[in-house]
Every structure is written in structure tokens, then in C-alpha cells.
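Fair warning: this is a prediction, and the values are worked out from it, not measured in the lab. Proteins get letters first, then strands, A, B, ... in listed order; numbering begins at 1 in each.
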Amino acid sequence: MLELKEVHTYYGNIHALKGISLRVEKGEIVTLIGSNGAGKSTTLRTIQGINRPRSGTVLLEGTALETLPPHEIARRGVAQSPEGRLIFPRMTVLENLEMGAYTRKDKTGIKDDLERVFTLFPRLKERIGQKGGTLSGGEQQMLAMARALMARPRILLLDEPSMGLSPILVELIFDTIVTINKEGTTILLVEQNALMALSIANRGYVIQTGEIILTDTAPNLKNNEMVRKSYLGIE
Amino acid sequence: MNKGLRLALNILIAVGVIYAILLIGPVASFDIPIIAGEIAKNPLQLVQYLIIGVANGAIFALIALGYTLVYGIIELINFAHGDVFMVGVFASLTVLSLTGTLNTTNPVHIILGLVLALILAIVICAVLNAAVERLAYRRLRNAPRLAPLISAIGMSFIIENIGLIWAGQSWLVPSFGTSGGAAQKNFPDLLGTMFTSLNLNQNLFTSSGIHLRITITGLIVIVLAGVFMLGLRFFIQSTTLGKAMRATAQNRDAAKMMGIDIDTVITATFLIGGGLAGAAGLMAGLYNNTAWWFMGFRAGLFAFTAAVLGGIGNIEGAMAGGFLIGIIASFSDGYLDARWTEGWVFAILVLILMFRPTGLFGEQVGEKA
């Protein structure tokens, strides 16, 4: 469904992605794990068109995305819950969710999806009229995910959904990811919390300083010596 | 605050300090006992200045909205905006002249002419403002902040000179006996003419002894400006494009991820800001009865100060700031010395920037989580 081929992305002179190639098949949860600064978020930003690859291609069901403006990429069914959440601080929870559905015209479908995300995150329903900037970190994370879901994306990019959350909330968020996936959304999940990510993913890629150094099924990666040492903290 | 804004503000502060020193001169006219005596002797005059201030403030508020909307979206101070307002005045005058409205006393003709002038002034200024963005700002969007700031000042000069040439075309704008384009032109009090020909008194209240004169023109200006402001508020709060504008102002990357076309939003912002300046142009012409190629500088300075006073980027703040600056300017004109009004307004701008750069109403809550 989504395929990156030899993608190189730069920040000025800094070579952030050094030829990333990866694929996500329809219906999968694929995780991209790696340490801070490895290029995980840059990969997602490149897919979304916020950062432009200098070379290489990004294909969504055969369509090249790398030359399209970000809003066109969003229109083609790519949504993300970005690093830093980037919710709209002076808009209410409801307005944030409406912005998530910006590309859609089907009013009844939007209404149904609103109900759906409120079922997934009842907390957001309680906060519906509150300004996004006044929410707690966990609530903002939920809002960022819910907002991405409102686009009813073909592929959902999740950037560190566990960041800064309490263990209970992390559990909740990951359960929700599994639920969303079972309902038919393909997911590319970027995580520092490799153990959690590998426990729900089908396959995984390990990224280090802008390069994919390892890829395998999630269970195999979990048992991989190097992964256990570097990312799972297990000797 | 970003670097470019700070730099621009520092330049303004330097100019402002020089102004402030010069202000020591008119301190003589800032004589509190004399002013207090005047107010005690003639309290209705205070009401008169207040009304003039509110009407002019409504006009400043409409212009200030253009500054604040644009700043909110792309963090650029559009220094050409005051001159877009000037084009609004000239566009109105030209439409009124070409439709023969300036030479008629037929009330229907006057109303139709004014409506047409309002629509065309809005359209012309909206398109002009969007064209300025397309031409001078868009390709500099990722350039260092100073670059679009300088091109904004360049656009201001260009539009002023267009105004100068325009003012010299007597087939477009009647010369009213003045020669050349550089002189201030008369903008006829058409509403006054209309009310006279209807045998109505355009003054709602007059009293020659105590100088209080409330005109219907003033009232119409205030009401019309209020309608535009409410319309804008509704647009920003409730329409899809308005929400997209707010989203873009609050987080541009996130807005892109939502599928919002940033270029469309920016163009819409400039169209709306320009349109409001165009409407303000007709109102200012009718109310103050002058058209001058350089009037955009003063109006722009006042409106920019109003926007900063209300907290730049803050829409309600710009409206409130507009009225406040209008009233302050009117009191300065009336009780102090009209020649120093610009100085006072500039001094206010400098003081806000030094002591409360986020404006009177402070920073909006929940900026960062």
C-alpha cells in the first residue's frame, strides 16, 4: 500500500534520511523503531510532504507522493498524529476534530466518525468544548489521534503516541491502536517504546542514523540479539 | 516574537524615541488645568470628540483587521496595507465620479452610486492586496524575515506613487479646483447632499453654541463598520474557510497535515484584509471628506498601532484597539494640537512595544501545551 524507495531527506546540509526503503501492506501495523534523532519523525514528515525528499520516491498504491503538496497527500488518504501532537491550541476539541475531517464532504460519515472517536476516547467527549491548549498531555495525545482518525485515512501515521504518558495511558493508547487496526486502518507506528510497539505490530523496521539497519516480523525482532540489547534494554 | 518582527519593532522604537523627544515641544499644549477647564466649560464638546473618535476608530479598526489577520497567518507586517486603504478612497471617488454620482442630488442615484462604489472599492482593494502577496511576499515566504518586510515597504512606495498618478487624472477623480495630484482632494459629503435633497436634516442633533453635531453620516459609518466586523467574526468562527484560517494561524504544519491548502488560505486572508480596507476607504471618504495619495501612511500608522495595542494577531483586539486609537486621536485633535496627533499615536505604539509587546489584552491562553 505504502512504499518508500531509497528516500533521501535533508535539513539544510544535514543528511537526515540516507536512503530509506520500507513497505507497509494493507491492513498491517508496521512499526519503525529507533533511538532519538534516528530519523523516525523525518520519515513520517517526508511521507506527508512536510519535508521534501531530495531523491527517492514515496508511493501510495502506486501514486508518487513526493512531488505533491502536503494537502494533496492528505486528500489521498494519509493522516498522521504528529510528533509534538501539534493540536490547534485555541480551537475547541470539537473544532480540532472537525479540522481532521477537513478533506471530507460526507456530513453523515463525519458525524458517525465523531461518535466513533468519542467511543474510543470518552475523555474527549467530556472535553468537547474546551480549548485544545488547555488539555493535559494525555488528552492532547488522544485528540491528535482522534483528529487523524477523523480523516478516515487509508493509512494512519502515528508518531510516538506513548510519549510522555503514564503507563496506564500508554496501555489505553496501544489498545486503541489495535482496535483501529482491526476496524481496517493500515498503520505505520513510530516508537521509542520498542517493546510496546513490537508487541502489537506485524512487522518492524529498525532505523539508525537515517538508515534502515534491520527488518523482520515483529516476533523475530523481539528475539533479535541486537534489538534486545539496543532497544529493549534486555541483556 | 520572531526575529523579523523584533527588528522591525526596534526600527520603529528608534524612530519613536526621536518623536517622543520632539513631543516635549507640544507639552505646553498638554496643559491639564486648561483642558480640564475646557471640559468643565463645555462638556458636550467631549461627547462630540468621542463620537468623532468612535467613527474614525471604526475605520481604523477595519484597517487594523487587515494587519492583524495577515500577521496571524504569515507573521508579516504588511506595510503596504495603509496604502491599499488609500486606493479604496480613490477607487470610491472614481466610481462616484464616473457614475455621475458626484453631480447629482437625486437620492436614488446617490444610494445606487454609493452601493456600487462600496462593492467596487472592496473588490479592487481585495484583488490589489492579494496581488501584492502574490507578487511581493509569496516567493519570499521561506526567506529571512527581513526580506518580505523590505518588499512590503517597497510595495507601499509603489502603491503611493500609483495613488499620486491616479490623483492627477482629472478624468478619473475630479480636481475640485486643486491642481496636480499631490494636493489633497475634496471627497463630497454625498450623504449630506442626499439628506438635504430629501428635505431631511442630516444632523440628528445640533447645537451651535456648544458645538455638538451628530450626523447621520457618522452613524452610518459606525453601523456599517460594525456590520463588517460582525460578519468577519462570523466568518472566522463558523465557516470552513474561516476555521482553516484559524488552524493555519495556530499551527501551519498541522494545518497542512489536515489537508488545508495553505496558499488558498493566505490568498483568502489577503482578499479579506484588502476588502475591509476598501470598505474603510469609502467610509473614510464620506466621513472625513478628503482624498489624498499619502493618506494611507497616517491611516496605516494609526491602524497598525491599533492592531499592536490589541495584541497583533488578535481579531477582537484589533477592533477594540481601532476604537481606542480613534478616540485618543480625536481627543488629541480637539484638546491638544492636531499636528501632534501622529506623534501621540506613535508614542503610544512605542510605549506598548517597550512595556507590553503582547498588547493590552495580553497573550491568548493555551499557546503551547
Please walk me through it: do B/D253 and A/R45 pass side chain to side chain contact (heavy atoms under 4.5 Å, CB included)? CA-CA 10 Å; B/D253 275 351; A/R45 290 173 67 88; 3.0 Å; yes

CG of A/L86 to CZ of B/R252, rounded to nearest 0.5 Å, is 13.5 Å

CD of B/Q250 to NZ of A/K131, rounded to nearest 0.5 Å, is 8.5 Å

Working note: B/R246 + A/R90, criterion side chain to side chain contact (heavy atoms under 4.5 Å, CB included); need CA distance, chi angles, decisive distance, verdict. CA-CA 8 Å; B/R246 279 193 289 149; A/R90 293 188 299 280; over 6 Å; no

Toward chain B, the part of A/R76 with a non-hydrogen atom under 4.5 Å: neither

Test item: B/M257 and A/P70 side chains (from C-beta on) under 4.5 Å apart, heavy atoms: no

Under a 4.5 Å cutoff for heavy-atom pairs, which residue among A/R147, A/E72, A/E98, A/M150 has the most contacts with chain B? A/R147

Quick check: are there more than 12 heavy atoms from other residues, nucleotides or ligands sitting under 6.0 Å from CZ of B/R138? yes

When you measure from the side chain of A/R75 to the backbone of B/G259, do you find a donor-acceptor pair of N or O atoms at a distance under 3.5 Å? yes

If you count every heavy atom of other residues, nucleotides or ligands that lies below 6.0 Å from B/R139 atom CZ, does the total exceed 12? no

Roughly how far, to the nearest 0.5 Å, is NZ of B/K243 from CE of A/M99? 8.0 Å

Student check: side-chain heavy atoms of B/M258 and A/F88 closer than 4.5 Å: yes

Taken to the nearest 0.5 Å, the spacing of B/D261 CG from A/H71 NE2 works out to 3.5 Å

